[in-house]
Novice: 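Could you have a look at this structure, given as structure tokens, before my questions?
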Amino acid sequence: MSDQHAILTLGDEILRLNIVNGTEGPGTIDIAPLYKQTGLFTRDPGFLSTASCNSQITYIDGDAGILRYRGYPIEQLAEHASFLEVAYLLIHGELPTRVEFAEFEHVITNHTMLKEGLFRFFEGFHYDAHPMAMMVGVVGSLSAFYHDTIDIHNPEHRIRNAYRLIAKMPTIAAAAYKHNAGELVIYPNNQVSYIGNMLRMMFATHCEPYQIDPLAEKALNLLFILHADHEQNASTSTVRLVGSSGANPFACISAGIASLWGPAHGGANEAVLNMLNQIGSVDKISEYIARAKDKDDPFRLMGFGHRVYKNYDPRAKIIRDVCYAVLEQSADANNPLFELALRLEEIALNDDYFIARNLYPNVDFYSGIIYRALNIPENMFTAMFAVARTAGWVSHWIEMLEDPEHRIGRPRQLYQGAQQRVYQPVSQRS
Ligand code: CMC
């Protein structure tokens, strides 16, 4: 707590509000006592200026294009770390020692299986059910299988379930993929890496040997690191809000998956490919750029712009080169869709409308293209994102429960509806 304060004048009354500073980034005006003292709420739709919690996990400076997990720049983690190392860092706050990492990897590897009953859930879904719909349902129902170890006040249970979720997400996502493909599920193989297993469970079949493509593994490891956390975004805030009522971790992460699904959030990578398909050919780009600029047209260039990054998205900068490498090696390299994507990127980057509003390609512009080049179907893109983001979600859920200031999240509102009126029986209404 600092001795700085902000002064709020309300008529004749002068109110001193404490300024609370973090270790980096903008400080906050502590308005918690405001309602008690003034009878007024603050109003901030979309949380443009509101810090909803204290956190020590991820730091973003959107103007400078900075993203750090637990203090480590994303560029360093992307270059040197594995996704599981990053998951450990997010949860525990420190990079693991060699022994700690070996132990963590062992535990995660040994929790990848699903109960057979859970695999059977998939049979109940329609053949073309969206993978995110299946994931919302199956992840939520994990609580029906582990109800004897979901005491959220028990630190050992919290960690065990965090690990369970990280371990089982690839298995669940891959089972959703197999359901859509009409193929038998492939069980996890404990001899294979976390990322390799994800690829195997999706693309191997029971009749052919399967070789994990090292470039695909590298690209996925990188994408998972970049997507592992992003502080208080919509889905993470959802996980925190659901968890604040004391809900179990599986229900919380299921709610996070639902929030991530939206096209303005994690659904953007799928929306990018839908948009490229809609544009169809390079000669149509200018028509769609004009539509994106037209205020009367709801069309937006998907994969461009970001609420926080108003300069550039550091994740996009890291993934761009890998995107090009994957495209070069792709068996589908001559797909006109990829040429279209690269032309769109070039045109938008040089267009005054996009330059003036700092609308740069974000991470999901490139992740969508990479997933497509790896033959991952469009409806699986956001599911891949959900697998990676689980590491961040569980870290925030644990942090929230350990925060002594934590209480149930209960936003207030500015009521603009009808004032009191008198009910009339339906027989008397004209
Ligand atoms: N295409 C065309 N115009 C845009 C776009 C876009 N993609 N994004 C923003 N604008 C314009 C917007 O119309 C507004 O113009 P003006 O100032 O003339 O009214 C200006 O840029 C500022 O936009 P905003 O809506 O105030 O920005 P926001 O911070 O509320 O929205 C966003 C951020 C990400 C929702 C938005 O940029 C968008 O819808 N982008 C496309 C969806 C997308 O790619 N989302 C993925 C984000 S990265 C993954 C993740 O972290 O979840």
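Whatever order the structure lists ligands and atoms in, that order sets their numbers, starting from 1. These figures come from a predicted structure and were not determined experimentally.
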Novice: Is at least one protein non-hydrogen atom found at under 4.0 angstrom from atom 26 (O) of ligand 1?
Specialist: no
Novice: State whether any protein heavy atom lies less than 4.0 Å from atom 22 (C) of ligand 1.
Specialist: no
Novice: Please check whether Asp364 reaches ligand 1 - meaning an N/O of the residue sits under 3.5 Å from an N/O of the ligand, judged on distance alone.
Specialist: no
Novice: Measure across Gly243 and Leu401 and return the closest heavy-atom pair with its distance rounded to 0.1 Å.
Specialist: O-CD2, 4.3 Å
Novice: Is it the side chain, the backbone, both or neither of Asp313 that has a heavy atom closer than 4.0 Å to ligand 1?
Specialist: neither
Novice: Between Glu75 and Lys317, is a salt bridge (charged side-chain N to carboxylate O under 4.0 Å, His left out) present by the stated rule, with each step listed?
Specialist: CA-CA 9 Å; Glu75 292 78 7; Lys317 209 172 178 179; over 6 Å; no
Novice: Looking only at N/O atoms, are Leu301 and ligand 1 under 3.5 Å apart anywhere?
Specialist: yes
Novice: Is ligand 1 less than 4.0 angstrom away from at least one heavy atom of His227?
Specialist: no
Novice: Between Asp63 and Lys310, is there a side-chain N and carboxylate O pair less than 4.0 Å apart?
Specialist: no
Novice: Run down the list Arg300, Arg307, Lys295, Arg389 and name the one with the heavy atom closest to atom 24 (P) of ligand 1.
Specialist: Arg300
Novice: Measuring from atom 37 (O) of ligand 1, which candidate in Tyr353, Tyr288, Phe304 has the nearest non-hydrogen atom?
Specialist: Phe304
Novice: Heavy-atom contacts under 4.0 Å between Phe365 and ligand 1: side chain, backbone, both, or neither?
Specialist: neither
Novice: According to ring pair (Phe, Tyr, Trp, His ring centres under 6.0 Å), who are the partners of Tyr59, at least two apart in sequence or on a separate chain?
Specialist: none
Novice: Shortest non-hydrogen contact from Glu399 to Asn54?
Specialist: OE1-O, 3.8 Å
Novice: Pick one: which of Phe125, Tyr177, Phe381, Trp261 meets ring-ring contact (aromatic ring centres under 6.0 Å, His included) with His130?
Specialist: Trp261
